[in-house]
Asker: 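What follows is a single structure, and I will ask about it in a moment.
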Amino acid sequence: MNNEITISELARLMNVSVHQLRYFEEKDVLTPAYTDHNQYRMYGMDQVYQLAHILLLRKLGVPVQSIKECMTSYSADQHKQLLHQSLQEINTELLRLQGLQRFITKVLQEQQEFILSSDEYRIKWRDTAYLSHWLEIDAQTKLTARSLAERASQLPNLFESDIYYIENEANILTLYTETQTQGPGVLTLPEGNYLSAQRLIHEDDELEQVVEQFFVYAAAQSYVIAGPVIIIEKSYLSLFPPNGLHYELQALLEPHPEGSQPT
DNA sequence: CTTCTCACA
DNA sequence: TGTGAGCA
């Protein structure tokens, strides 16, 4: 009786391509039970089990090369080490995906917030935040690709996170990124109510005017600003049309005197 | 339907 | 680490 099956039947059975099966054979991990007189590869139960084993190890990220050595001569200890290694690779991959998940969630949330509060001033509460010093530039000089390449040591995921600009009295613009921990070179942003405005900027000089308007608005509302204006660039929002750079201006407000809350 | 080889990501 | 095209 012919209990063996052809390559296409095995491929269909195990949900792999015929190509892949011949590739496994070339790499010496799956040999047919025998080859028929017409040169057709024929596979039996042994091969079905073996292929299931191979596919399982592949799912764990084990290279085909290792699978070969694994099935020929590997100690129990080496098997265990292989599994531990693949486990830790999967864990780092999981961390990578969780990072992407957080990023996407943040983009969606921020763009929603932008749509809702575009061209409006709001007061919003901010918890204490920590900004880690990234680089300083003269307020007049523009940020260029060269200055990034020269000055910026390393910033993972450039432009995937918020970039904070704070200008001091000496006209020096300092760029910060958010960080979780306190430490050297880390600026603490106190918690409190911040006046906030979000704007879409198309021209470079447009930002200065927006900052001026920000102060004018604050004065008109009798807000007392208790610190520098913080400009937050959210470049990742430019993923969405209309294009331009998304900025949010924030400034810490002194607590309002009783009875003078704006309506 | 299978085989093999080659080029291509 | 595979895939797709073309051939016999």
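Note: hydrogens, waters and symmetry copies are ignored here, and every other heavy atom, side chains too, is used. Below, read A as the first sequence line, B as the second, and so on, with proteins coming before strands; counting in each chain starts at 1.
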Asker: Provide, to the nearest angstrom, the distance between the CD atom belonging to A:E25 and the C1' atom belonging to B:dC4.
Answerer: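 A:E25 atom CD is separated from B:dC4 atom C1' by 12 Å.
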Asker: The criterion is side chain to side chain donor-acceptor pair (under 3.5 Å); which residues satisfy it with A:K59, sequence neighbours excluded?
Answerer: none
Asker: Heavy atoms within less than 4.0 Å of DNA chain B: which residues of residues 27-37 of chain A have one? Give them sorted by number.
Answerer: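 None - not one residue of the stretch has a heavy atom sitting under 4.0 Å from the strand.
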Asker: Between the protein and nucleotides 2-4 of chain C, list the N/O to N/O atom pairs that are separated by less than 3.5 angstrom.
Answerer:
unit_1: C:dG2; atom_1: OP2; unit_2: A:R58; atom_2: NE; d: 2.8
unit_1: C:dG2; atom_1: OP2; unit_2: A:R58; atom_2: NH2; d: 3.3
unit_1: C:dT3; atom_1: OP2; unit_2: A:S17; atom_2: OG; d: 2.7
unit_1: C:dG4; atom_1: N7; unit_2: A:H19; atom_2: NE2; d: 3.1
unit_1: C:dG4; atom_1: O6; unit_2: A:H19; atom_2: NE2; d: 3.3

Asker: Of all residues at least two apart in sequence or in a different chain, which pass the side-chain contact (heavy atoms from CB on, under 4.5 Å) check with A:Y217?
Answerer: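 Expected list: A:Y121, A:L195, A:Q221, A:Y223.
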Asker: Considering only residues two or more places apart or on different chains, which pairs with a residue in residues 89-109 of chain A satisfy side-chain hydrogen bond (donor to acceptor under 3.5 Å, both in side chains)?
Answerer: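 Sorted result for residues 89-109 of chain A: A:Q85-A:E89, A:E93-A:R96, A:K106-A:D162.
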Asker: With A:Q140, which residues qualify under side-chain contact (heavy atoms from CB on, under 4.5 Å), at least two apart?
Answerer: A:D138, A:N171
Asker: Identify each donor-acceptor pair in which a side-chain atom of residues 28-46 of chain A lies under 3.5 Å from a protein atom, sequence neighbours left out, and give them as a table.
Answerer:
unit_1: A:N38; atom_1: OD1; unit_2: A:Y40; atom_2: N; d: 3.1
unit_1: A:R41; atom_1: NE; unit_2: A:E25; atom_2: OE1; d: 2.5

Asker: Where the side chain of A:E208 meets the backbone of A:D205, is there a donor-acceptor pair that is under 3.5 Å apart?
Answerer: no
Asker: Of all residues at least two apart in sequence or in a different chain, which pass the side chain to side chain donor-acceptor pair (under 3.5 Å) check with A:Q81?
Answerer: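 With neighbours one apart ignored, the set is empty.
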Asker: For residues A:S86 and A:L60, report the shortest heavy-atom separation together with the two atoms involved.
Answerer: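 In this case the closest contact between A:S86 and A:L60 is CB-O, 3.2 Å.
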Asker: Using both pair distances under 3.5 Å as the test, note the stems of at least 3 consecutive Watson-Crick or G-U pairs that include DNA chain B.
Answerer: B:4-9 with C:1-6
Asker: Not counting sequence neighbours, which residues clear side chain to side chain donor-acceptor pair (under 3.5 Å) with A:T144? List them please.
Answerer: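 Residues passing side chain to side chain donor-acceptor pair (under 3.5 Å) with A:T144: A:S147.
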Asker: Using the 3.5 Å cut-off, write out each protein N or O paired with an N or O of nucleotides 1-3 of chain B and the distance between them.
Answerer:
unit_1: B:dC1; atom_1: O2; unit_2: A:Y40; atom_2: OH; d: 3.0
unit_1: B:dT2; atom_1: OP1; unit_2: A:S8; atom_2: N; d: 3.1
unit_1: B:dT2; atom_1: OP1; unit_2: A:S8; atom_2: OG; d: 2.3
unit_1: B:dT2; atom_1: O4'; unit_2: A:Y40; atom_2: OH; d: 3.3
unit_1: B:dT3; atom_1: OP1; unit_2: A:R41; atom_2: N; d: 3.0
unit_1: B:dT3; atom_1: OP1; unit_2: A:R41; atom_2: NH1; d: 2.9
unit_1: B:dT3; atom_1: OP2; unit_2: A:R22; atom_2: NH1; d: 2.4
unit_1: B:dT3; atom_1: O5'; unit_2: A:R41; atom_2: NH1; d: 3.2

Asker: With respect to A:E248, which candidate in A:K124, A:R199, A:R126 satisfies the salt bridge (Lys or Arg N to Asp or Glu O under 4.0 Å) definition?
Answerer: A:K124
Asker: Could you list the residues that satisfy salt bridge (charged side-chain N to carboxylate O under 4.0 Å, His left out) with A:R122, not counting sequence neighbours?
Answerer: A:E113
Asker: Could you tell me whether A:H202 atom NE2 has more than 12 heavy atoms of other residues or ligands within 6.0 Å of it?
Answerer: yes
